[in-house]
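Protein chains get the first letters and strands the later ones, always in sequence-line order, with residue 1 at the start of each.
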Amino acid sequence: MAKAIARRSPSVEPQPIKRDPTLFEQRLHKVCSAIPKGKVSTYGALAIALKSSPRAVGQALRRNPYAPKVPCHRVVAHDLKIGGFSGTWDPQSGRVNRKKALLESEGVRFVGDKIADDCVADPDILAAAC
DNA sequence: GCCATGGCTAGTA
DNA sequence: GCCATGGCTAGTA
């Protein structure tokens with residue numbers, strides 16, 4: 001497990017991007033904003049809605065310059081673990097803790113280190129947002 | 001050639 | 001732990 005985390009860490013604070021959002025980023029932000037408050041979705045689910053790949057979704061969210069306008073904190077890993085935030089995947093980091101606090105303040109519930117199943121947004125909502 | 005993914009093996013115990 | 005995948009950036013020419 002420590003290795004799984006190490007694989008995704010350490011990460012450096014992402015550079016804010018200066019260019020205009022690409023078409024892909026605009027579509028991603030739109031779908032992301034469709035996740036209701038109190039719910040979460042996954043990188044994989046967004047990728048399906050966008051007909052893209054989970055990796056591309058994660059990469060784009062990593063550099064999301066529109067937080068918190070675009071609620072990228074509502075996107076978590078497929079196994080319903082918290083996932084990354086503000087450039088890092090390390091669950092010990094204050095950044096990931098902030099993501100958790102944000103979600104809890106919106107009504108998302110955790111069971112251990114995972115999000116409760118019934119807090120996952122309906123994939124149809126995402127598809128409809130494209 | 002990088003990644004905030006995810007799915008799949010291989011190798012250990 | 002490997003690697004397919006897709007979108008992007010950096011660095012070269």
As an exercise, state the distance from CG of A/D20 to CD of A/Q26, rounded to the nearest 0.5 Å.
8.5 Å

Can you tell me the distance, in whole Å, between the CZ atom of A/R63 and the P atom of C/dG7?
12 Å

Quick one: label A/Y43 by what it contacts on the DNA or RNA (base, sugar-phosphate, nothing), any heavy atom closer than 4.0 Å.
base

Contact nearer the 5' end of DNA chain B, comparing A/P54 with A/Q59:
A/Q59

Classify A/A77 by what it touches in the nucleic acid, base, sugar-phosphate, or nothing, heavy-atom distance under 4.0 Å.
sugar-phosphate

Quickly work out the A/R55 CZ to C/dA4 P distance and round it to whole Å.
12 Å

Flag side-chain contact, heavy atom, 4.5 Å: A/I35 against A/P71
no

Rounded interatomic separation in angstrom, taking CG from A/L61 and C1' from B/dG6:
15 Å

Roughly how far, to the nearest 0.5 Å, is the CG atom of A/D113 from the NZ atom of A/K100?
7.5 Å

Should A/W89 be listed as having a side-chain N or O under 4.0 Å from OP1 or OP2 of B/dC3?
no

Is A/R109 salt-bridged to A/D118, cutoff N-O under 4.0 Å?
yes

Between A/A56 and A/D79, which is nearer to the 5' end of DNA chain B once each is assigned its nearest nucleotide?
A/A56

Structure string for DNA chain B in dot-bracket form, Watson-Crick and G-U at under 3.5 Å, | interchain:
|||.||||.....

For A/G83, answer base if it contacts any base atom (sugar-phosphate contacts may also be present), sugar-phosphate if it contacts only those atoms, and nothing otherwise; contact means non-hydrogen atoms under 4.0 Å.
nothing

Tell me the interatomic distance from A/Q26, atom CD, to C/dC8, atom P, rounded to whole angstroms.
11 Å

Rounded to whole Å, NE2 of A/H78 lies from C1' of B/dC8 at a distance of 11 Å

Are A/I125 and A/V31 co-members of a hydrophobic cluster defined by side-chain heavy atoms under 4.5 Å apart?
no

Let's see if you can work this out: which of C/dT5, C/dG7, B/dT5 has an atom nearest to the side-chain heavy atoms of A/S53?
C/dT5

Taken to the nearest whole Å, CD/A/E25 to P/B/dC3 is 16 Å

Please give, in whole Å, the distance from C/dT5 P to A/I48 CD1?
16 Å

If you only use heavy atoms from C-beta on, which nucleotide in B/dT5, C/dC8, C/dG7 is closest to the side chain of A/S52?
C/dG7

Check the distance between C/dG6's C1' and A/L28's CG and give it to me in whole angstrom.
13 Å

